[in-house]
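In this chain, numbering begins with 1 at the start of the sequence shown.
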Amino acid sequence: MRRILIVSIFYIVCFNGTAQNDSLVNRLEEVVIQADKKLKKHSVGYKVITLSDSVILRNTESFTSLLRFNSPLYLREYGSGGTSSASFRGTSASNTAVIWNGININSINNGQTGFNSLTVSLFDAIDVRSGGGSLEYGSGAVGGTIHLSDHLQFTNTKQIKNQLKASLGSFETYRGLYKFKFSNSKLAINSGVSYNQSENDYKFLNTDFKNTNGAYENFGLNASVAYSLTKSSKLKFYSANYLGERFFSGELPNPLSANDKYQDFSHRNLLVYTLEKPRLSHEAKFAFLTQEYRYFEDRTLSTFNFGKSKRYLVNYNVSYSFPELKASITSYSEYESAFGKTDQITERNRKQFSQSLIYNQNINSLVSFDAKLRKDFNSDYDVPFTYALGIKVKPFRNLFFRANGSKNFRVPTYNDLFWPGQGNLDLIPETALQGEFGIGYKNNQFLIDIGVFYINAKDKIVWTPGGDPDKPGVWVPINLSEVNNKGMEVSLSFNRTFNKHIVKLNMNYSYTVATNKATDNQLIFVPKHLLNGNLGYTHKRFSFFYQQLINGKVYTTESNSNDFVIPHYFVANTGLDYKLLNLQNKQLTIGLKVNNIFNKYYEVQPRRPMPNRNLNFNINYKF
């Protein structure tokens with residue numbers, strides 16, 4: 001694979017070295033594809049961040065890195081390339097739902113999605129929505145949702161597009177990706193394949209150690225197809241498959257003792273039928289998803305612990321529009337049957353039927369709102385009604401006010417209940433009430449959104465090393481009787497073009513206070529301050545960018561002991577891209593990125609140093 005990658009890059013560079021005098025087409029516009037129209041329609045009053053094509057291109061190392069530098073999310077990562085989870089506004093990773101083409105793909109075992117098990121460039125669109133209003137995708141997403149979408153579009157004429165990406169980086173890191181798109185008036189096909197590997201053996205700064213057990217390798221294959229049955233009906237099929245193996249980095253002061261590895265596999269398949277009439281639209285979904293992990297305590301042995309799960313999901317949505325009122329009402333019905341087991345837990349089956357209703361209306365382009373009501377019938381728990389309301393007011397052309405509120409409910413996961421030696425059968429579901437108010441200004445060049453939020457959670461489920469006095473130091477899940485999260489988020493973007501110069505700036509800042517009311521202490525792994533910013537400059541064929549992340553101090557103990565904190569850190573990346581070829585149907589870009597340019601020592605997880613300064617050379621060819 002490594003040889004193929006190098007030969008491919010050599011071929012492309014040589015080929016395009018002769019193409020410098022081709023006619024130049026300035027394609028300055030940026031590709032921004034929003035996940036799905038339903039997301040936009042049902043996000044009234046909520047903040048949604050759409051990651052543009054250029055942002056994704058500059059952060060292809062990992063999904064974790066992409067979100068860490070371009071969203072208000074906090075990413076918790078067990079060493080570079082290790083397991084990774086995301087959380088909003090001081091909530092837990094299980095309160096973050098990942099939505100793939102309209103269905104929730106969080107694991108039924110731990111209720112989370114591993115963000116280093118997703119390949120950034122295999123998806124066409126990535127959107128981040130804050131707040132608990134995503135009831136159509138489940139009631140447990142107290143913090144927010146991350147939407148991954150494949151964009152299938154019919155075209156009047158036959159079109160074929162190819163994209164090849166490859167990169168070489170420090171620590172023997174190699175990445176390759178190929179995407180193919182075909183479309184005409186009846187058929188649309190997207191497919192993509194990716195391969196990543198790295199020795200990941202960076203030096204631990206200020207020590208004599210290296211990350212000797214941090215290598216990883218993974219393979220991804222996505223395919224989707226849409227067929228137009230009639231003018232108003234379509235049939236779509238999506239498939240996403242992942243196979244990965246990674247070794248777990250060791251911890252200071254003795255990282256050489258690490259000798260374990262982890263393999264995971266996932267297969268997601270989704271069939272969608274849509275029928276759209278002027279007033280009435282139908283959508284039926286059938287999904288089958290499987291996940292499996294294997295944990296090898298000793299990588300040299302063939303024995304392992306494992307966990308397996310599978311889910312069957314049937315979803316039917318029907319929507320009726322009232323054009324004269326600029327309103328619509330939508331019904332979401334869903335049945336899910338989930339099976340999970342490990343080598344130490346016999347298979348268990350949880351079933352759930354859910355019914356949601358959403359009413360959406362726009363009044364004179366001045367006020368719009370979105371009201372949601374959901375009821376779950378769960379085979380293990382009694383689930384109350386949950387609800388959400390979002391509203392947006394635009395008193396002037398560029399100024400807007402937004403507000404939202406919701407009630408959310410999350411049942412314990414299989415791991416919460418049954419994990420050998422750590423699960424807690426006494427757990428009860430958590431309930432959260434939350435509200436947010438925001439004000440913003442938007443024109444063609446500038447956007448600012450300032451919001452304040454408040455979340456009150458009862459019986460919140462958290463994993464903590466001090467939860468069971470009979471097992472000191474062992475992580476166990478417990479219920480916290482009451483937790484309050486409050487804070488502020490600011491998002492800002494600026495985009496200015498003058499002559500042939502383009503300047504872009506994006507920034508996210510969040511201030512979060514999340515306290516256990518019983519102790520008045522900050523929750524563990526919740527930074528009070530989190531800031532990231534991206535500055536980009538483009539002139540003709542050159543592009544320059546600079547990324548900055550400032551992560552505040554993080555407590556790792558319930559007592560908020562300053563002896564066991566992750567110190568605040570500042571990390572910066574920078575890079576330079578050059579378009580070797582810039583034709584209408586062919587574009588070739590080469591780039592160099594420097595991560596951690598100031599060579600700072602930092603940790604995201606205690607005693608697991610992150611990579612020092614490192615380089616990445618990449619090439620992106622669209623034809």
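Checking E61 against N595 by side-chain atom types alone, a donor-acceptor pair falls below 3.5 Å. N70 and N534 share a side-chain donor-acceptor pair at under 3.5 Å. Side-chain atoms of S328 and N360 include no donor-acceptor pair closer than 3.5 Å. No hydrogens or angles considered: nothing links the side chains of N196 and Y216 as a donor-acceptor pair under 3.5 Å. A donor-acceptor contact closer than 3.5 angstrom links the side chains of S134 and R129. Using modelled atom types and a 3.5 Å distance limit, the side chains of K165 and S121 yield a donor-acceptor pair. No side-chain donor from either of N109 and Q291 sits under 3.5 Å from a side-chain acceptor of the other. Using modelled atom types, one finds a donor on one side chain and an acceptor on the other under 3.5 Å when comparing Y195 with Q197. For the residue pair S117/D264, the side-chain donor-acceptor check at 3.5 Å is satisfied. In the model, N315 has a side-chain atom that pairs as donor or acceptor with a side-chain atom of N317 under 3.5 Å. Side chains of T145 and H147: a donor on one and an acceptor on the other come within 3.5 Å. Counted by atom type alone, N508 and E489 present zero donor-acceptor pairs between their side chains at under 3.5 Å.
Side-chain contact between K234 and F154 is present, with at least one heavy-atom pair separated by less than 4.5 Å. Using a 4.5 Å heavy-atom threshold, the side chains of N614 and Y202 count as separate. Taking the side chain as every heavy atom from C-beta outward, K236 and D150 never approach each other to under 4.5 Å. The shortest side-chain heavy-atom distance between I56 and F123 does not fall under the 4.5 Å cut-off. In this structure, L313 and E334 have side chains that are in contact, with non-hydrogen atoms separated by less than 4.5 Å. Side-chain contact between L66 and I126: present, with at least one pair of heavy atoms (C-beta onward) separated by less than 4.5 Å. You'll find the side chain of N398 stays beyond 4.5 Å of the side chain of F446, heavy atoms only. The side-chain heavy atoms of Y238 and N222, taken from C-beta on, include no pair separated by under 4.5 Å.
Taking the six-membered ring where tryptophan is involved, the planes of Y537 and H501 are essentially parallel, since the angle between them stays under 30° and well short of 60°. Using bins of under 30°, 30° to 60° and over 60° for the plane-to-plane angle, the ring pair Y578/F542 lands in the tilted bin.
Between K392 and G45, the closest heavy-atom pair is CB-N, 4.3 Å. When all heavy atoms of Y621 and L588 are compared, the closest pair comes out as CB-CD1, 3.6 Å. Closest non-hydrogen pair, K326 versus S365, comes out as NZ-OG, 4.1 Å.
A salt bridge is absent between K161 and D124: the closest approach of a Lys/Arg side-chain nitrogen to an acidic carboxylate oxygen does not fall below 4.0 angstrom. Between E136 and K41, none of the side-chain N atoms (NZ, or NE/NH1/NH2) sits under 4.0 Å from a carboxylate O, so this pair counts as no salt bridge. With salt bridges taken as basic N to acidic carboxylate O contacts below 4.0 Å, none links D449 and K442.
Of the possible donor and acceptor atoms, one in the side chain of R541 sits under 3.5 Å from a partner among the backbone N and O of K579. Without hydrogens or angle criteria, N532 side chain to R68 main chain gives a donor-acceptor distance under 3.5 Å. Looking at N106, its side chain does come within 3.5 Å of a backbone N or O of T96 through a donor-acceptor pair. Between the N190 side chain and the H151 main chain, a donor and an acceptor come within less than 3.5 Å of each other.
Heavy-atom neighbours of N156 CG from other residues, nucleotides or ligands within 6.0 Å: at or below the threshold of 12.
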Donor-acceptor pairs under 3.5 Å, side chain of residues 224-232 to any protein atom, not counting sequence neighbours: which ones?
unit_1: S228; atom_1: OG; unit_2: T230; atom_2: O; d: 3.0
unit_1: T230; atom_1: OG1; unit_2: S232; atom_2: N; d: 3.3
unit_1: T230; atom_1: OG1; unit_2: S233; atom_2: N; d: 3.1
unit_1: T230; atom_1: OG1; unit_2: S233; atom_2: OG; d: 2.7

May I have the list of side-chain donor-acceptor pairs in residues 266-278 shorter than 3.5 Å, sequence neighbours left out?
unit_1: H267; atom_1: ND1; unit_2: N241; atom_2: OD1; d: 2.9
unit_1: N269; atom_1: OD1; unit_2: S239; atom_2: OG; d: 2.9
unit_1: E276; atom_1: OE2; unit_2: K37; atom_2: NZ; d: 3.3

- [ ] Apply side chain to side chain contact (heavy atoms under 4.5 Å, CB included) to the pair Y509 and L530, showing each step before the final yes or no.
- [x] CA-CA 6 Å; Y509 169 74; L530 187 63; over 6 Å; no

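Judged as a salt bridge (charged side-chain N to carboxylate O under 4.0 Å, His left out), and not counting sequence neighbours, the contacts of R294 are E292.
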